[in-house]
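Worksheet: one structure, shown below.
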Protein chains: 2
Amino acid sequence: MRVPKYYTYKLRLLSFIDGAAAGTMLPTERELAEEFGTSRTTVRQALAELVAEGRLDRVQGRGTFVAAPKLVHVRQLTSFSEDLGDRDTRSELIGLGDEPADAATAGHLGLEPGATVQRIERVRRVGDEPLAHETARLPGALAVTADELAVTGSLYRALRDRHGVSICGADDEVETALATPDEARLLGTEVGQPLLVVHRTAWDASGRTVEWTRSVFRGDRFRFQARVGSRPAGDRAPAAG
Amino acid sequence: MRVPKYYTYKLRLLSFIDGAAAGTMLPTERELAEEFGTSRTTVRQALAELVAEGRLDRVQGRGTFVAAPKLVHVRQLTSFSEDLGDRDTRSELIGLGDEPADAATAGHLGLEPGATVQRIERVRRVGDEPLAHETARLPGALAVTADELAVTGSLYRALRDRHGVSICGADDEVETALATPDEARLLGTEVGQPLLVVHRTAWDASGRTVEWTRSVFRGDRFRFQARVGSRPAGDRAPAAG
DNA sequence: GTCTAAGATTGGCATAGACCAATTTGGTTT
DNA sequence: AAACCAAATTGGTCTATGCCAATCTTAGAC
């Protein structure tokens, strides 16, 4: 198999990254091009893939830096606020209101197209870093208020407290996508960067769908975790990989 | 937010794709560059993203074509052979043998580094199309044979039939990655294309880890599905989105 | 008809450079 | 010391171009 030239430079850069602490600055693109005896374009292609993989961060005017390791997102019928444990998580409400259901929304929620649904649009953060953009849609009868969401940041708690509805199952579909300009802006990344897109359909004890949510995560920062079955205690715990 | 020029061309191409049948050929890169009044490099960037998203297929010497829609991969403690239902699935064994556990493998399987583990390396296909590359690692005591795997193509069935071990839970971690030259060759895609990488740790009723598997899927062809909780019957089923 | 070889077509890879935008730096002014 | 401004630095985008590799087409030989 032919190996593109840029790929060999990527491997050389990777060995440097592996031996360096997060935050270490790399030489400039122009310096690397000279050092490798190639063009800046080719160096940029290698750098671009390492950025897409979350190994490097680039800032215009500053330079290129070794990135911190990925976070793990645990998502087992928990709300986002519970996912990341004791980390400093915040949730910014950027949209809340009623709208008529389009075909896809109606299909997933089991409603007629045009029925009223509530759209809840939020940006999730860990510390200052934006990590996810979520758009949830609920049947109009299950609408919640901004205040209820603000208390704990948990949609599931708001549903339980206001409507007595408890989520008892969910279906997540995970796929890759590339950041649109809007998504790049909200997530603090660049247009065209790989994302993880999760579509969640959640239902209550009666099987009624109570939530359909599209969540977009930065692929270079996140890992999606799904667990099936509970693990008995007393086993030898797996270590980090 | 500034929108790169290539992105506007991407949107124009997307509207063409949406109105065309799978297999429809697009104009050549050189023609598009002239039509848009830009350089071939810029057109290629727009095309590259559409390929990464699974909307286009490109073949050197042939042309650029509208791609077929994504497949959905159901993966809920089922084996691959059960995942895709009645589709024509095959599994090609490309590696089987014992090896000493490296640190990561030992950690995940709960063994001492250097302990013997069995490596099972397979390429999964639907029809002729390669869709996943899986490398499973089992504790040496739970090794299976090529014959046992060949019967149904199911590792879980082989484990049950030979060792009386039933999988009762698993933990999947999903992240994005970019195809290496080796992965690109095995999956029939291009170096640098986005992939979905799934690390599965599966355990039996006693909580003992019996499998640690790394699966690599083409991000442009696959969706990963995880379901938590069983859904009562009689609800209104969600339609396709 | 079938096979083969040469040429044309098309995407893949790489180069060199121009200009823009964000940031930092360092000197000047207040 | 603080505020400000201009220059240098660095990554971001785009152009124009050349050659390579895979594929298809066509003409010719048998």
Side-chain angles (χ1 to χ4, degrees), chain A residues 1-13 17 23-52 55-67 178-181 184-185 188-193 220, chain B residues 1-13 17 23-52 55-67 178-181 184-185 188-193 220:
Chain A
M1 177 118 190
R2 76 186 188 292
V3 176
K5 187 191 279 191
Y6 82 84
Y7 196 84
T8 67
Y9 304 140
K10 179 181 172 181
L11 294 181
R12 288 174 64 174
L13 291 168
I17 292 168
T24 305
M25 183 171 176
L26 271 69
T28 70
E29 296 178 349
R30 291 168 176 86
E31 286 170 357
L32 287 172
E34 188 170 8
E35 178 182 334
F36 292 160
T38 185
S39 69
R40 196 179 146 215
T41 311
T42 303
V43 170
R44 276 182 63 80
Q45 189 168 4
L47 291 173
E49 290 200 358
L50 290 164
V51 170
R55 304 304 305 267
L56 293 178
D57 288 323
R58 280 196 288 185
V59 183
Q60 184 178 143
R62 280 170 46 89
T64 304
F65 307 88
V66 176
L178 302 182
T180 66
R185 176 174 51 81
T189 182
E190 304 300 321
V191 179
Q193 288 295 99
D220 60 345
Chain B
M1 178 119 188
R2 76 187 187 291
V3 174
K5 186 189 281 193
Y6 83 85
Y7 196 82
T8 67
Y9 303 141
K10 179 181 173 182
L11 293 181
R12 288 174 65 173
L13 292 168
I17 292 169
T24 305
M25 183 171 175
L26 271 69
T28 69
E29 296 179 349
R30 291 168 176 85
E31 286 169 358
L32 288 171
E34 187 170 9
E35 178 183 335
F36 292 159
T38 185
S39 69
R40 198 179 145 216
T41 311
T42 304
V43 169
R44 276 182 63 80
Q45 189 169 3
L47 292 172
E49 289 200 358
L50 290 164
V51 170
R55 304 304 304 267
L56 293 178
D57 288 323
R58 279 196 287 186
V59 183
Q60 183 177 145
R62 278 169 49 87
T64 304
F65 307 88
V66 175
L178 302 182
T180 66
R185 176 175 49 81
T189 183
E190 305 300 322
V191 179
Q193 287 296 98
D220 60 345

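Note on naming: letters A, B, ... go to the chains in the order of the sequence lines (proteins, then strands), and numbering restarts at 1 for each one.
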Do any N or O atoms of the protein come closer than 3.5 Å to N or O atoms of nucleotides 4-10 of chain D, and which pairs are they?
| unit_1 | atom_1 | unit_2 | atom_2 | d |
| --- | --- | --- | --- | --- |
| D:dT10 | O2 | A:G61 | N | 3.2 |

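Contact check, A:T42 against C:dT15: a side-chain N or O comes under 4.0 Å of OP1 or OP2. For the pair A:R40 and C:dG17, the criterion of a side-chain N or O lying under 4.0 Å from OP1 or OP2 is not met.
If you take CG of A:L26 and C1' of D:dG11, they are 13 Å apart, rounded to a whole angstrom. D:dG12 atom P lies 11 Å from atom CG of A:L56, rounded to whole Å. Taking atom CG on B:L13 and atom P on C:dG11, their separation rounds to 12 Å, with Å as the unit. Straight-line distance from the OH atom of A:Y9 to the C1' atom of C:dC13: 12 Å, rounded to whole Å. Spacing between atom NZ of A:K10 and atom C1' of C:dA14 amounts to 18 Å, rounded to whole angstrom units. Note: NZ (B:K5) to C1' (D:dA16) measures 13 Å, nearest angstrom. The distance from atom CG of A:D57 to atom P of C:dT23 is 14 Å, rounded to the nearest whole Å. One atom, CG of A:L32, and another, P of C:dA16, lie 16 Å apart when rounded to the nearest Å.
For B:L13 against B:L50, the heavy-atom pair with the smallest separation is CB-CD1, 3.7 Å. Shortest non-hydrogen contact noted between A:E190 and A:A179 is O-CB, 3.5 Å. Closest approach of A:L178 to A:G192, counting heavy atoms only: CD2-O, 3.5 Å.
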side-chain contact (heavy atoms from CB on, under 4.5 Å) between B:T180 and A:Y7, worked out: CA-CA 9 Å; B:T180 66; A:Y7 196 84; 3.2 Å; yes
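Annotation: the span from B:D57 atom CG to B:L26 atom CG amounts to 11.0 Å, rounded to 0.5 Å. Between the CD atom in A:Q45 and the NZ atom in A:K10 there is a gap of 10.0 Å [rounded to 0.5 Å]. If you take OG1 on A:T38 and OH on A:Y9, they are separated by 4.0 Å, rounding to the nearest 0.5 Å.
With hydrogens and angles ignored, no donor-acceptor pair closer than 3.5 Å exists between the side chain of A:T38 and the base of C:dA14.
Comparing C:dG11, C:dT15, D:dA16 by their closest approach to the side chain of B:S39 singles out D:dA16.
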